[in-house]
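Inspection log for the structure reproduced underneath, given as structure tokens.
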There are 4 protein chains.
Amino acid sequence: MAPRTKEQFENIREEKKQLIFEAAFDLFALEGYHSTSITKIAKRANTSKGLLYNYFESKEALLLEILSSGLNEMMQLFDPNHDGILSEEEMLNFLSNLFEMLKTNNRYWRLYYAIFFQPTVFELINTQFADIFTKMMKLLTDYFAHHGLQEPEKEALVFGSLIDGIAFNYVMNPDLYPIEDIKDYIIHKFCYIKK
Amino acid sequence: MAPRTKEQFENIREEKKQLIFEAAFDLFALEGYHSTSITKIAKRANTSKGLLYNYFESKEALLLEILSSGLNEMMQLFDPNHDGILSEEEMLNFLSNLFEMLKTNNRYWRLYYAIFFQPTVFELINTQFADIFTKMMKLLTDYFAHHGLQEPEKEALVFGSLIDGIAFNYVMNPDLYPIEDIKDYIIHKFCYIKK
Amino acid sequence: MAPRTKEQFENIREEKKQLIFEAAFDLFALEGYHSTSITKIAKRANTSKGLLYNYFESKEALLLEILSSGLNEMMQLFDPNHDGILSEEEMLNFLSNLFEMLKTNNRYWRLYYAIFFQPTVFELINTQFADIFTKMMKLLTDYFAHHGLQEPEKEALVFGSLIDGIAFNYVMNPDLYPIEDIKDYIIHKFCYIKK
Amino acid sequence: MAPRTKEQFENIREEKKQLIFEAAFDLFALEGYHSTSITKIAKRANTSKGLLYNYFESKEALLLEILSSGLNEMMQLFDPNHDGILSEEEMLNFLSNLFEMLKTNNRYWRLYYAIFFQPTVFELINTQFADIFTKMMKLLTDYFAHHGLQEPEKEALVFGSLIDGIAFNYVMNPDLYPIEDIKDYIIHKFCYIKK
DNA sequence: CATGAATGAGGGTTCATTCAT
DNA sequence: AATGAATGAACCCTCATTCAT
């Protein structure tokens, strides 16, 4: 008889929203953003189309929330809040975390790549990523300079591209790509840590 | 006027088809596959929707033809039809051609990436790529083995990933990515050619 | 606390209902009936959608109640409960009240017009109005006849139309229409009162 | 076999567009803009929903085209392209045309009023009407000044309001309102023409 | 008395595809 | 070979109303 308390409502909301979020994430990753209809998402989340709009403003907002949540996860991982200098240990951590994320969040990264190349969507996300990218490049350039490499900017770019390429290949073929071997190779080559 | 010969008709046919092909290519690359309507394509090709269906079975068929043609171009470039051994000069050619293609066919590669990650389309194309990929890996592995590297398979994979990463970064940011510098770096590092 | 008496409950009920009524009125007038959602009304009334349906059977019922209440107000104003003869003083009162109402209830009249012309709604209200209209016409006809005009029915109709036209113009442009001037003009012309 | 000529297409378009236009007009006038769905319009025009969008950009565009076409008709009627002075004969013409239009385009005017009071739509149309309105007021003011009335602006406003009120009453009750009588009354009173 | 999560029918709109000409 | 009018299914989204609590 008594109306539900605010917390009760909050819980219901949180749970349902998560359900829809997960359903959308799965479908976007499995079948692509454009091929996934709101109807499909609602069906997979065992709910109604209408309710989806109680939680997300639009299909695009739902997508952005998914992407954004992945970004935030990543930023937490890579922002050690430090002095601006990348030590060998930090580089090691960085790479370990990266490879770990690729393995555990495989689904997200595949979706992310799929979205990234959608010409229309690209611009929406790009600015958010640009900052992270620039920051990382600065760190890497300093890192390579500190280790005496001749053209640290170029090295940083090549290193970044290599990481991208590895991520990209692994994500598209997680079963075939020997990610562990590659990880060891990269760590051994770029961490300059003596045993 | 004399009635047109069969070849003339054939030429007209081919030209019109090419026009549609180009229009679709441009639009897919510029605005994405899903955002490009048949009407837009026909308009840009200065023709009618009906005619388009004379040349292509469906919108998806048109897309696949575009992708496939790009693939074939690439295969021609990278299939030297040789003895299975990659010489230093061949490697140099390989890389030169690759970078050249990235620069001149930027448009295609961006579309290609956009499509590649569409989960549904991916499977369709993937098998065609798998062959090329395997062949190239074999060549590269031999190449690195021949130059005395300890783990040539791993080196080949890393090299492949690096190339992918560079292509990917350049294609998404052709104006900012210093492709020439990177090209020199790569050639200098992997071609083992002494001056 | 002592349990609330029945009247107290009744008062709460009435107050809440009034709040919803006002909120709906404002929104209908400001944004139109169809553009105003139940959610918006509930939000503006600081209550819930569910409660709204405790007081009003449906959105349409809410609308009709608003319109009806305005009608009643007007009827009270114009029904002097008299002998069927309109004296000059009564005519003066009539006009004063009318112009006063236009100025103070501007909001209502605009809504009323907006609704009035909705073909579907029109029929619903029209019968209620027909009575008032007929009664007023009778009064006016007698009035003009009594003052010696040749075709009193026609004069009554023209007078009624003029009043409608003024109301209509003022309501749609309250800031620009010089209602006071027009009021003086009308009173001077139709009240036949000598100073 | 040969494709249709441009004229053939043009004819088909013109006819079909007119059909849809009429269907929409009828329904908007009968049931109101918001209560008329695209589906209903298409059904009444014996066509498909999709086709409607071949001819009209949106439901709102369709509405505006209907309103606009009525406006244009009216402007042609009332714009004698003259010297800025309204003679008695011109005033007579003006009024005759007006009453004629009310009678023949009854449907349009009812729709027009219905739309006019939709709060959202009002602004869209208003600017287009404002010009005509201002122009007419100027003409009328001069007209009354020329005939020696003391406060010509006020007279013009009152005259305008009266016309509005008559139109409004007639349009809402075409069967009961004695438009012919009123017309004679108005002409006799405001045309200052001696027999 | 009070809440807002949940529904589902229907809204306007788009677009690949077909087909009469 | 060539046209674009016509279709209809599916799209995303809105919202009055219900109901468990």
Side-chain angles (χ1 to χ4, degrees), chain A residues 1-6 8-13 15-17 34-42 47-60 62, chain B residues 4 9 12-13 16 34-43 47-62, chain C residues 4 9 12-13 16 34-43 47-60 62, chain D residues 1-6 8-13 15-17 34-42 46-60 62:
Chain A
M1 292 284 177
R4 271 173 274 218
T5 64
K6 260 192 179 156
Q8 280 175 311
F9 277 127
E10 195 55 43
N11 287 341
I12 292 175
R13 281 190 73 82
E15 274 172 36
K16 206 55 164 221
K17 185 171 183 183
H34 285 104
S35 306
T36 300
S37 70
I38 293 286
T39 305
K40 263 192 216 161
I41 298 173
T47 185
S48 66
K49 271 192 287 183
L51 193 60
L52 194 147
Y53 287 89
N54 228 324
Y55 298 110
F56 301 95
E57 267 203 339
S58 66
K59 193 188 175 188
E60 191 180 323
L62 175 50
Chain B
R4 273 173 270 212
F9 273 122
I12 292 174
R13 238 190 108 77
K16 204 68 176 198
H34 286 100
S35 306
T36 300
S37 70
I38 293 287
T39 303
K40 259 193 217 160
I41 297 173
K43 211 164 271 166
T47 185
S48 66
K49 276 187 281 186
L51 196 57
L52 193 149
Y53 281 87
N54 257 338
Y55 296 115
F56 302 94
E57 260 202 345
S58 68
K59 192 186 176 188
E60 193 181 326
L62 176 49
Chain C
R4 274 173 269 214
F9 272 123
I12 292 174
R13 237 191 108 77
K16 203 69 177 196
H34 286 101
S35 306
T36 300
S37 69
I38 293 285
T39 303
K40 260 193 215 158
I41 298 173
K43 212 165 269 166
T47 184
S48 67
K49 277 187 280 187
L51 195 57
L52 192 149
Y53 281 87
N54 256 339
Y55 296 114
F56 302 93
E57 259 203 345
S58 67
K59 192 186 175 188
E60 192 180 327
L62 176 49
Chain D
M1 291 282 178
R4 271 173 275 218
T5 64
K6 260 192 180 156
Q8 282 175 310
F9 277 127
E10 195 56 41
N11 288 340
I12 292 175
R13 280 189 74 81
E15 275 171 36
K16 204 55 162 227
K17 185 171 182 182
H34 285 104
S35 306
T36 300
S37 70
I38 293 287
T39 305
K40 265 193 216 159
I41 298 173
N46 252 337
T47 186
S48 65
K49 272 194 286 183
L51 193 60
L52 195 148
Y53 287 88
N54 228 325
Y55 297 111
F56 301 95
E57 266 204 340
S58 65
K59 192 187 176 188
E60 191 182 324
L62 175 50

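Here the structure is a predicted model, which means the values were calculated and not measured. Protein chains get the first letters and strands the later ones, always in sequence-line order, with residue 1 at the start of each.
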Review point. F:dT14 phosphate, OP1 or OP2: any side-chain N/O from A:Tyr53 under 4.0 angstrom?
Key: no
Check your understanding: For F:dT21, which nucleotide is its Watson-Crick or G-U wobble mate, given both distances must be under 3.5 Å?
Key -> E:dA2
Practice item. Starting from P on E:dA2, measure out to CZ on A:Phe9 and report it in whole angstrom. Key: 14 Å
Check your understanding: Considering heavy-atom distances to DNA chain F, does A:Gly50 or B:Leu52 have its closest nucleotide positioned more toward the 5' end?
Key -> B:Leu52
Check your understanding: Base, sugar-phosphate, or nothing for B:Lys49, non-hydrogen atoms under 4.0 angstrom?
Key -> base
Practice item. Please state how far atom CG in A:Asn11 lies from atom P in F:dT21, giving the value in whole angstrom units. Key: 15 Å
Exercise for review: Classify the nucleic acid contact of B:Phe56 as base, sugar-phosphate or nothing, counting any heavy atom under 4.0 Å across all strands shown.
Suggested key: nothing
Point to revise | Shortest non-hydrogen contact from A:Lys59 toward A:Thr36 | key: NZ-O, 2.8 Å
Study note, to complete from the structure: Between A:Lys6 and B:Glu57, whichever has its closest DNA chain E nucleotide further toward 5' is A:Lys6
Review point. Is C:Thr39 near enough to E:dG4 that one of its side-chain N or O atoms lies under 4.0 angstrom from OP1 or OP2?
Key: no
Practice item. Please state whether the phosphate of F:dT3, meaning OP1 or OP2, lies under 4.0 angstrom from any side-chain nitrogen or oxygen of B:Thr47. Key: yes
Point to revise | Sugar-phosphate, base or nothing in reach of D:Thr36, heavy atoms under 4.0 Å | key: sugar-phosphate
Revision key, fill the gap. Checking E:dT17, E:dT21, E:dT7 against the side chain of A:Ser48 (C-beta onward), the nearest is E:dT7
**Study point:** Distance, rounded to the nearest Å, where D:Asn54 contributes CG and E:dT18 contributes P
**Key:** 18 Å
Review point. Does B:Tyr55 place a side-chain N or O at less than 4.0 Å from the phosphate oxygens OP1/OP2 of F:dA2?
Key: yes
**Study point:** Value in whole Å for how far the P atom of F:dA6 lies from CD1 of D:Ile12
**Key:** 6 Å
**Study point:** Shortest non-hydrogen contact between D:Gln8 and D:Arg4, atoms and distance
**Key:** OE1-CA, 3.1 Å
**Study point:** Phosphate contact (F:dA5 OP1 or OP2) by D:Arg13 side-chain N/O below 4.0 Å
**Key:** yes
Check your understanding: Using a cut-off of 4.0 Å on non-hydrogen atoms, how would the nucleic acid contact of D:Ile38 be classed: base, sugar-phosphate, or nothing?
Key -> base
Exercise for review: Check whether any side-chain nitrogen or oxygen of A:Lys16 sits under 4.0 Å from OP1 or OP2 of E:dA5, and answer yes or no.
Suggested key: no
Revision key, fill the gap. What one should report as the nearest heavy-atom pair of C:Ser48 and C:Ala42 is C-CB, 3.7 Å
Review point. With a 4.5 Å heavy-atom cut-off, do D:Asn54 and D:Lys16 have their side chains touching?
Key: no
Review point. How many Å lie between CG on D:Leu62 and P on E:dT13, as a whole number?
Key: 10 Å
Review point. Within a strict 4.5 Å, meaning less than it, do heavy atoms of the B:His34 and A:Ser35 side chains meet?
Key: yes
Check your understanding: Closest approach of A:Ile12 and A:Tyr55, non-hydrogen atoms and distance?
Key -> O-OH, 4.5 Å
Check your understanding: Which part of the nucleic acid does B:Ser37 contact within heavy-atom distance under 4.0 Å: base, sugar-phosphate only, or nothing?
Key -> sugar-phosphate
Revision key, fill the gap. D:Gln8 CD to F:dA6 P, in whole Å, measures 13 Å
Check your understanding: Between B:His34 and B:Leu51, who's closer to the 5' end of DNA chain E by nearest nucleotide?
Key -> B:His34
Revision key, fill the gap. When rounded to whole Å, the NZ to P distance for the pair C:Lys40 and F:dT14 reads 11 Å
Check your understanding: Between E:dA16 atom P and B:Glu60 atom CD, what is the distance in whole Å?
Key -> 12 Å
